Amino acid sequence: MNKNFDSKDTSDGRKVKRSKREEAKVNPWTHKDYSFKYFDILEKRKELPVYEAYETLIDLVKENQIVILQGETGSGKTTQVPQFLLESGIGGDKNVACTQPRRVAAMSVAKRVAEEMDVRLGEEVGYSIRFDDKTSAKTRLKYMTDGMLLREAMVDPLLSKYSIICLDEAHERILNTDILFGLIKEVLPNRPDLKLVVMSATMDADKFQKYFEGAPLLDVPGRMYPVEIFYTEEPEEDYFAGAIKTIVQIHAFEEKGDILLFLTGEEEIENACAEIKDEVKKLDGVGDLSVIPLYSSLPPAMQQRIFEDPPPRNKHGIEGRKCIVSTNIAETSLTIDGIVYVVDPGFSKQKVYNPRLRIESLLVSPISKASAKQRSGRAGRTKPGKCFRLYTEHSYKKELDNNTIPEVLRSNLGQVVLTLKKLGIDDLVHFDFMDPPAPETLMRALEELNYLGALNDEGDLTKLGDEMSQLPLDPNLAKMLLDSVERKCSGEICSIVSVLSVPNVFMRPKECIKKADIAKSKFAHPDGDHLTLLNAFENYKYNKEDQKWCWNNFINFRSMKSASSIRAQLVNQMNNFGYKIELSPKRPKEYLDRIKKSIVSAFFMQVAHQERAGHYMTVKDNKVVLIHPSTAIDHKPEWVLYHEFILTSKNYIRTVSEINPKWLLEIAPDYYDLEEFSNNEIKKKLLKIQKKMIS
DNA sequence: GAGCACTGC
């Protein structure tokens, strides 16, 4: 049933036609003569494996509404295919879009393709990502993030601007890509002129073809150097120790070439770096080794170190090498040239979601075969390489899953449900997900959105829900912001929401924990962490967003900067709704209560009560929790609201504020229907408060 | 009394 094609299918007759295409001296887009650079680049483009597939691809796209293109690293699919499609004229006057999971990719590929087409970036070729839109009326080929296309679909459900959409890196199965799959599948029958090209590295081709209704598959070879794979003979009991040992052996016995080691997190990586340095010091007659950690929370300047040259020959004339110890960031997001050896212990931290407990947590888990292949491929970018897998060949074959579980099965779907509702998809249970999430996960999301007032009892989007769906925020935070308008504290809440949606703004480097804690205490607000965050943000603004000020106050500049851009975007969006975002010049106690009530309006489902025994227990779930030690609260309030529940060494609630329990009953009476509460201390207390309120 | 894989709008 499935039609499969090989790039070799191109007939000679077609090749003649193609060479004519290349004879042009005048750029059809600009009507100017092509530059010399254009022809230089063209020669290199011709060497890409995908170049051979031009005619086959165009024919397939002409004849089919959906085409699947499989091409490994180095095939050139991301840069060439959208160009080919545009050039072919299949799409007529409409535009070609190509989605990417990551912002940097969308940006850098667009830049490259603009050069290849000899046009200016932002004119015929552009990109569109959050906070940065480099497109114009002239733009015909647009690289964008998946999330951006999803946003566009909210305004233009038929995606009427486009004639061809390429969904790239489909094998990664990012949340947004999966939603686009289902969405575009629904759009296609209503847009017979729209073409979809699903592009991917090696994937489960059968599954993709089945999902995309038997779409033909075009397979393009990659261009990589061979990588020799080594497995351990016996299962490795301690992958950390094994990894250190392997690095030392490579450094002592293997030829020149840099090393990349995959570990799971910041702490592990820092420890490994220290140990590797120690062990290498003990060796005689070896070259110098620079050991470089790499993870996302590392400051950009430190991340740049991975591109440094390896150390020069030492006094014995032996060449040096560098060893990069990295999280999964080096698996897809960052590519480092010159890596010859990859060490893969086979683990990574993965998000898991438990709908019953409503908790997303990170768990160190075995990687998939696809991930292992991706990791080993990192050794063959510039010359033949070697990959040392610290597990047996048997466990690779029998124990590792073929593919990483798609994100849609591991996430809280609150925002997804809101997005789908806004896109006009009412029957979520029958939405055509490539991998449908557990019904319980969907139910949880629907239930929470109903409590927040985003969906009515029929499951339809309310006016509030409609506005929430348009804000680039988690549903809780979106609710908080919209609620603040009527309480006239939108300026403050807008800042709080922005800071809550970026990584932690308070730095706490191991070397100066005390200093950092003192610095933080200057921002501390006795009522809680939400107001503390507001303090920090306002001080950042007051100090003119100065990087030095951040450094001196142990504030994460990167986080603050992005909070600031988010805030600007939110203000803009809120103004579009017709709401003004205003700060109050003075904030008496009553005003602080208003801020806290807005927080309660969104997080009433995340409240804990201090029991007589002294510990905290969460409302409704009845889980015993501890307030995270990072809190700014210096006393033990009876009722607290928390922003997140984190499961690490203990059950912690983090980012906590004191609240008045009366507000819970006032603001969220449906959720606080005490008849549904189990008979415990919390219920008794709330009943008492209720009685007082009535009398 | 202590920990944060990675993305994205």
Side-chain angles (χ1 to χ4, degrees), chain A residues 99-106 128-133 144-155 169 172-180 262-271 294-298 326-334 347-352 360-365 367 371 374 404 406-407 410-411 415-416 418-419 422 468-475 477-478 498 501-510 513-514 516-517 520 556 559 562 565-566 569-570 572-573 626-631 633-634 636 644 646-655:
Chain A
T99 67
Q100 296 293 317
R102 283 165 292 277
R103 297 161 47 95
V104 224
S128 173
I129 60 180
R130 190 185 190 181
F131 306 131
D132 194 5
D133 182 6
M144 65 209 297
T145 46
D146 312 41
M148 210 61 190
L149 186 59
L150 217 44
R151 288 279 140 183
E152 285 190 6
M154 282 186 178
V155 190
E169 313 292 358
E172 289 191 27
R173 306 292 311 278
I174 301 293
L175 198 48
N176 285 340
T177 317
D178 270 20
I179 301 169
L180 285 172
F262 285 101
L263 288 176
T264 64
E266 173 177 343
E267 196 185 359
E268 197 179 63
I269 286 169
E270 293 293 352
N271 292 340
L294 178 65
Y295 42 86
S296 74
S297 62
L298 213 56
S326 171
T327 59
N328 259 3
I329 193 171
E331 197 180 293
T332 46
S333 305
L334 279 172
F347 291 95
S348 70
K349 275 190 192 168
Q350 288 168 34
K351 186 172 71 183
V352 281
E360 277 182 348
S361 47
L362 286 173
L363 213 65
V364 175
S365 327
I367 60 171
S371 189
Q374 177 72 19
T404 311
E407 210 185 344
R410 297 185 283 121
S411 310
Q415 217 177 353
V416 171
L418 213 48
T419 304
K422 175 66 183 171
M468 279 168 66
S469 73
Q470 294 174 66
L471 291 167
L473 291 170
D474 279 341
L477 295 176
S498 305
S501 33
V502 298
N504 193 7
V505 295
F506 297 112
M507 310 258 272
R508 205 163 180 260
K510 250 192 261 154
I513 285 178
K514 260 208 175 135
D517 288 348
K520 185 177 173 185
N556 186 333
S559 291
S562 68
S565 332
I566 291 172
Q569 193 189 18
L570 293 176
N572 193 15
Q573 184 67 57
L626 291 170
I627 296 182
H628 196 270
S630 62
T631 187
I633 302 181
D634 56 0
K636 286 206 147 190
E644 51 184 355
I646 50 172
L647 191 77
T648 51
S649 49
K650 288 168 186 138
N651 288 341
Y652 286 112
I653 50 176
R654 192 166 57 183
T655 312

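Just so it is clear, the model here is predicted, and its values are computed rather than measured. In the text below, chain A, chain B and the rest are named by the order of the sequence lines, each starting its count at 1.
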Using only atom types and a distance under 3.5 Å, with no angle test, would you say the side chain of E407(A) pairs donor to acceptor with the backbone of L175(A)? yes
Whether S559(A) side chain and P503(A) backbone form a donor-acceptor pair below 3.5 Å: yes
Footprint string (nucleotides 4-9 of chain B, 5' to 3'): B base within contact, S backbone only, - free, heavy atoms under 4.0 Å: BBSSBB
Rounded interatomic separation in angstrom, taking CG from N651(A) and P from dG3(B): 13 Å
What is the distance, rounded to the nearest whole Å, between atom CG of L626(A) and atom P of dG3(B)? 11 Å
Among E267(A), E266(A), E268(A), find the one that has a side chain to side chain donor-acceptor pair (under 3.5 Å) with T264(A). E268(A)
Can a side-chain donor-acceptor contact be found between T177(A) and E169(A) if the only test is distance below 3.5 angstrom? no
Are R102(A) and E172(A) close enough for a salt bridge, meaning some N to O gap below 4.0 Å? yes
Starting at atom CG of N271(A), determine the distance to atom C1' of dG3(B), rounded to an integer number of angstrom. 13 Å
Who pairs with S562(A) by side chain to side chain contact (heavy atoms under 4.5 Å, CB included), at least two apart in sequence or on another chain? V502(A)
Using a 90° cut-off around 0 for syn, call dC6(B) syn or anti. anti
